[in-house]
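Worksheet: the structure to be examined is printed underneath.
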Amino acid sequence: MTIILAIETSCDETSAAIIKDGNTILSNIVATQMESHARFGGVVPEIASRHHVETMTVVIEEAMETAQVVYSDLTAIAVTEGPGLVGALLVGIHAAKAIAFAHELPIIGVHHIAGHIYANQLVSPLKFPLLALVASGGHTELVLMKKDGQFEVIGQTRDDAVGEAYDKAARAMGLPYPGGPNVEKLANSTEDDIELPRSWLEKDSFDFSFSGLKSAVLNRLNNDNQRGEETNLAALARGFQNSVVEVLTGKTVRAQEKFGVKQVILAGGVAANKGLRDALSVAFEEKNIELLIPPMHLCTDNAAMIGACAHSMWTYGHRGNLAMNGRPGMTLNSFN
Ligand code: KG4
Ligand code: ZN
């Protein structure tokens with residue numbers, strides 16, 4: 001049996017979890033800072049770091065108490081090593097190193113995106129080869145996994161992440177942060193849609209680009225404004241939502257076909273988007289391909305997903321050391 005204490009502080013969530021055997025959550029405590037950042041319309045790195053410092057210890061204690069474990073029960077400490085905001089990452093890493101040093105425990109550094117993918121292991125066993133669509137405020141990636149611990153990034157965004165595009169479009173339309181849920185809500189309030197471009201890029205590419213779509217929203221608002229016309233914001237939101245969902249679903253389906261995978265995973269905060277969930281469900285149901293979408297609390301940033309991934313890394317012999325540092329631009333390397 002392994003019992004891992006996992007810590008995640010890469011962005012604006014301070015989280016600690018206790019994970020048993022890589023697939024059972026004994027506790028998963030998440031303290032969100034959303035309200036502190038909302039009035040700035042996005043995450044402010046310095047504020048994020050300060051909040052992590054204030055809440056880290058309390059969150060770890062609560063995770064240990066809820067799971068009813070003590071330090072001597074732990075097999076290892078896992079922590080998000082990157083990518084993310086460097087100041088935010090460092091708070092979690094220093095907490096992890098302090099505990100590892102004080103209790104003579106091994107430490108495992110986990111890649112944040114690998115964590116998002118392994119969140120699914122807390123719900124259902126992963127079946128390889130699989131394809132993961134990771135869509136969040138910081139990432140938009142299609143990752144092929146031929147086996148456990150092996151990652152091939154087959155496509156990624158060339159500019160904005162999809163959640164970031166939602167947040168920026170929302171801001172331009174005067175909607176509050178985080179933009180994703182608000183854009184989706186507005187989009188669902190109408191049947192009208194303002195047609196916006198689809199960014200398919202080159203015919204064979206699995207890469208994404210969302211900055212053109214964001215600009216199309218800004219241009220429409222500016223043009224209407226200059227003509228003294230009022231923009232139908234709901235129709236604009238719907239046009240935006242339709243473009244995003246069509247491109248994400250289209251590329252995921254094409255990748256599934258090309259690589260012949262039997263299981264597809266959706267991960268990251270944008271997995272909350274019902275339009276996206278429904279479009280993927282319909283597409284893969286027709287083809288009889290298993291689609292895994294974790295429950296919302298495991299889609300957004302949390303430490304349980306870091307613990308799930310760390311368990312796999314542990315079984316393949318990965319151990320970090322106390323020289324670990326935050327790696328804001330860390331690449332997704334295979335660990336098996
Ligand atoms: O994974 P996450 O919690 O944090 C990052 O690692 O980025 O994702 C947050 C992102 C935000 O950009 C937010 O606007 C987006 O997920 N999001 C959504 C929805 N709910 C959250 N985007 C579209 N539709 C939603 N319903
Ligand atoms: Zn994330």
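Just follow the structure's listing: the first ligand is 1, and inside any ligand the first atom is 1.
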- the Zn ion (ligand 2) to nearest N/O/S of H116 less than 2.8 Å: yes
- Item | H139 near the Zn ion (ligand 2) via N/O/S, less than 2.8 Å | no
- Item | Candidate with minimal heavy-atom separation from atom 26 (N) of ligand 1, of H116, H139, E184, R277 | E184
- ligand 1 atoms nearer than 4.0 angstrom to some heavy atom of G163 are 12 (O)
- Give the numbers and elements of all ligand 1 atoms closer than 4.0 Å to a heavy atom of G138. 7 (O)
- Task: Please determine which of R158, K251, Q156 meets the side chain to side chain donor-acceptor pair (under 3.5 Å) test together with D207.
- Result: R158
- Classify the angle between the aromatic ring planes of H318 and F335 as parallel (below 30°), tilted (30 to 60°) or perpendicular (above 60°). perpendicular
- Smallest separation among heavy atoms of T9 and V91, with atom names: OG1-C, 4.4 Å
- Task: Run the numbers for me: atoms of ligand 1, each under 4.0 Å from some heavy atom of T300, listed by number.
- Result: 3 (O)
- From Q241, R171, K214, residue fulfilling side chain to side chain donor-acceptor pair (under 3.5 Å) relative to Y166: Q241
- Message: I want to confirm something. Looking only at heavy atoms, which of C299, G269, G275 is nearest to atom 16 (O) of ligand 1?
- Response: G269
- Note on the structure: If you compare A161, G137, G180, P178 by their heavy atoms, the one closest to atom 18 (C) of ligand 1 turns out to be G180
